[in-house]
Protein chains: 2
Amino acid sequence: MKCVLHIAPFVMTFEEMIRVAIVEDITDIREGWAGILGMSEGFTCEFTFSNAEDALQTLKQHPVDVVLMDINLPGMTGIECMTLLKPLHPQMQFMVCTVYEDDEHIFSALKAGATGYILKKTEPGKLLDSISDLHQGGSPMNSMIARKVISNFQKPQAEPNLYTLTQREQELLQLLSKGLRYKEIANQLFLSPDTVRTHIRNIYRKLEVQSRTEAINKVFHS
Amino acid sequence: MKCVLHIAPFVMTFEEMIRVAIVEDITDIREGWAGILGMSEGFTCEFTFSNAEDALQTLKQHPVDVVLMDINLPGMTGIECMTLLKPLHPQMQFMVCTVYEDDEHIFSALKAGATGYILKKTEPGKLLDSISDLHQGGSPMNSMIARKVISNFQKPQAEPNLYTLTQREQELLQLLSKGLRYKEIANQLFLSPDTVRTHIRNIYRKLEVQSRTEAINKVFHS
DNA sequence: GATGCCATACCATAAAAGTGGTATTTACAC
DNA sequence: GTGTAAATACCACTTTTATGGTATGGCATC
């Protein structure tokens with residue numbers, strides 16, 4: 001687990017430089033990107049990390065402009081890392097750079113605070129453009145990914161919330177929110193109606209509510 | 001109100017051509033685009049329309065691959081036009097091409113079924129790329145617009161619905177959706193609990209539901 | 001002025017939901 | 001191995017909801 005500090009040569013004023021950090025476990029890729037950034041005007045690669053834990057520790061005290069973040073890392077994932085870092089430094093921009101093109105990874109990354117999402121196959125020139133773009137307030141992304149984001153946007157969504165409910169309780173709440181009666185829930189889950197009652201009682205206790213509607217509002221409608 | 005049919009010269013097989021329609025009221029822009037498409041291999045401009053009504057009438061019977069749609073049109077807007085056409089031909093792709101960069105226009109367009117959103121200032125080469133991209137399942141858009149979409153995506157949302165409920169019934173339903181008990185609703189509206197009951201019975205009848213949660217889901221969560 | 005819709009209101013009853021207590025089994029942690 | 005959390009289950013009881021019928025005054029429309 002190493003953390004390499006790249007000191008940028010002062011060939012231009014520091015203000016103009018976009019300060020970048022790289023979080024990527026594959027050495028070749030990490031050093032390749034760092035090399036590209038180092039050679040390019042307007043960019044300075046301030047840190048490179050081979051894992052999310054090191055990145056978290058350093059970046060929470062030394063934020064940069066843009067973080068190039070891989071998702072699949074040993075130990076903590078890039079998503080978890082962003083979730084922790086974003087609230088600390090809301091102005092810090094995260095560019096996810098990964099091989100994943102599936103909905104789940106894309107949406108988790110965006111929810112964690114990523115505002116750029118590019119694929120590892122992106123060529124170097126495009127990478128630099130994307131970093132600039134992100135830094136200037138854009139959201140660079142592959143148009144196939146944009147499509148997924150738009151599709152999701154066009155459909156109404158209802159996403160769950162966690163609270164401290166157990167898996168089973170969340171499952172119950174899900175059915176509760178559909179308007180099913182206790183008996184129907186019991187049948188669907190092969191449970192006794194009494195068990196359903198018990199679960200729901202526990203859900204209400206945890207959520208500090210007194211009715212189905214209150215529970216649904218609290219968990220599903222912020 | 002004219003509708004010009006451009007017959008594409010058969011210099012290449014028809015299957016490879018992306019069939020495009022243009023809806024744009026400014027003649028210079030409309031003909032400019034048509035010219036660009038006409039000169040470019042792989043594209044055929046099948047229709048141009050100077051207003052949404054004509055576009056609607058023709059396209060509902062003669063769908064194309066991609067519709068280049070302006071928003072600000074005389075009479076019916078491009079948004080309304082898309083709302084009507086999209087359900088008829090779900091495979092037809094709409095590329096909104098406008099000067100508007102504000103949230104409201106972008107989101108209405110996307111909700112109406114647009115999957116591409118570019119600005120009028122887009123240069124011709126980029127326009128052709130974007131049309132190809134859209135046709136191949138991408139969602140080309142300016143990265144500033146992508147950012148707006150992502151921002152919205154990252155925030156939760158909730159929007160109302162009307163149905164055929166009276167003003168009073170909607171008011172009742174609103175309180176019902178907050179999880180208030182009949183007595184509480186009655187107190188808040190200075191009504192008898194029995195009147196509250198009656199209203200709610202009527203609401204359920206109109207919505208064809210049997211419980212509070214079903215009613216809420218039907219009206220508020222599409 | 002008859003008809004229909006809306007808002008109000010009452011009565012009655014059945015079904016569902018909510019609240020309390022308690023118990024067993026499994027599993028995981030300390 | 002003792003304690004705790006989770007999932008299952010039963011009983012009893014109260015409150016809230018859902019459903020039925022019915023009625024009256026106001027207002028608009030035909």
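The analysis underlying the following values was restricted to heavy atoms, covering all of them including side chains, and did not include hydrogens, waters or symmetry mates. Letters A, B, ... are given to chains in the order of the sequence lines, protein chains preceding strands, and every chain is numbered from 1.
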Intermediate values then yes/no, side chain to side chain donor-acceptor pair (under 3.5 Å), A:Asn202 and A:His199: CA-CA 5 Å; A:Asn202 290 332; A:His199 281 305; 5.0 Å; no
What is the separation between atom CD1 on A:Ile185 and atom P on D:dT8, rounded to the nearest whole Å? 13 Å
Nearest-angstrom distance from the residue atom CG of B:Leu180 to C1' of C:dA17: 17 Å
Any side-chain N or O of A:Arg212 less than 4.0 Å from the OP1 or OP2 oxygen of C:dA17? yes
Any side-chain N or O of A:Tyr204 under 4.0 Å from OP1/OP2 of C:dT19? no
Whole-Å distance between D:dA5 C1' and A:Gln170 CD? 16 Å
According to side-chain hydrogen bond (donor to acceptor under 3.5 Å, both in side chains), who are the partners of B:Asn187, at least two apart in sequence or on a separate chain? none
I'd like to know if B:Asp70 and B:Lys120 make a salt bridge, using a cut-off of under 4.0 Å between side-chain N and carboxylate O. yes
Do the side chains of B:Glu46 and B:Val20 get nearer than 4.5 Å, heavy atoms only? no
For D:dT15, does either OP1 or OP2 sit under 4.0 Å from a side-chain N or O belonging to B:Tyr182? no
Could you go through the salt bridge (charged side-chain N to carboxylate O under 4.0 Å, His left out) check for A:Arg205 and A:Glu169 one step at a time? CA-CA 12 Å; A:Arg205 183 177 42 73; A:Glu169 286 164 349; 5.6 Å; no
State, to the nearest 10°, the angle formed by the axis through the first five base pairs of the helix from C:dG1-D:dC30 to C:dC30-D:dG1 and the axis through its last five. 40°
Can you pull every protein N or O that's under 3.5 Å from an N or O on nucleotides 9-12 of chain C?
residue, atom, partner, partner atom, Å
C:dA9, OP2, B:Ser192, N, 2.8
C:dA9, OP2, B:Thr195, OG1, 3.0
C:dA9, O5', B:Thr195, OG1, 3.3
C:dA9, N7, B:Thr198, OG1, 3.4
C:dA9, N6, B:Thr198, OG1, 3.2
C:dC10, OP2, B:Ser192, OG, 2.7

Rounded to whole Å, the NE2-P distance (A:His199 to C:dA17) equals 16 Å
Measure from the side chain of B:Arg181, starting at C-beta and using heavy atoms only, and say which of D:dA18, C:dA7, D:dT16 lies closest. D:dT16
Side chains of A:Val96 and A:Ile118, heavy atoms from C-beta outward: is any pair under 4.5 Å? no
Report the distance from atom CG of A:Asn202 to atom C1' of D:dA5, rounded to the nearest whole Å. 11 Å
Rounded to whole angstroms, how far apart are NZ on B:Lys206 and C1' on D:dT19? 18 Å
Would you kindly give the CD-to-C1' distance between A:Glu169 and D:dA6, to the nearest whole Å? 8 Å
Indicate yes or no: at least one non-hydrogen side-chain atom of B:Leu172 is less than 4.5 angstrom from one of B:Ile185. yes
Measure CD1/B:Ile200 against P/C:dT8 and give the value in whole Å, please. 12 Å
5'-most contact on DNA chain C (nearest-nucleotide basis), B:Gln167 vs A:Gly179, goes to B:Gln167
Determine, step by step, whether A:Lys126 and A:Glu123 satisfy the salt bridge (charged side-chain N to carboxylate O under 4.0 Å, His left out) criterion, reporting the C-alpha distance in whole Å, the side-chain angles of both residues, the deciding distance to 0.1 Å, and the verdict. CA-CA 5 Å; A:Lys126 192 94 181 156; A:Glu123 61 263 39; over 6 Å; no
Mutual orientation of the aromatic rings belonging to A:His62 and A:Phe47 [parallel < 30°, tilted 30-60°, perpendicular > 60°]: tilted
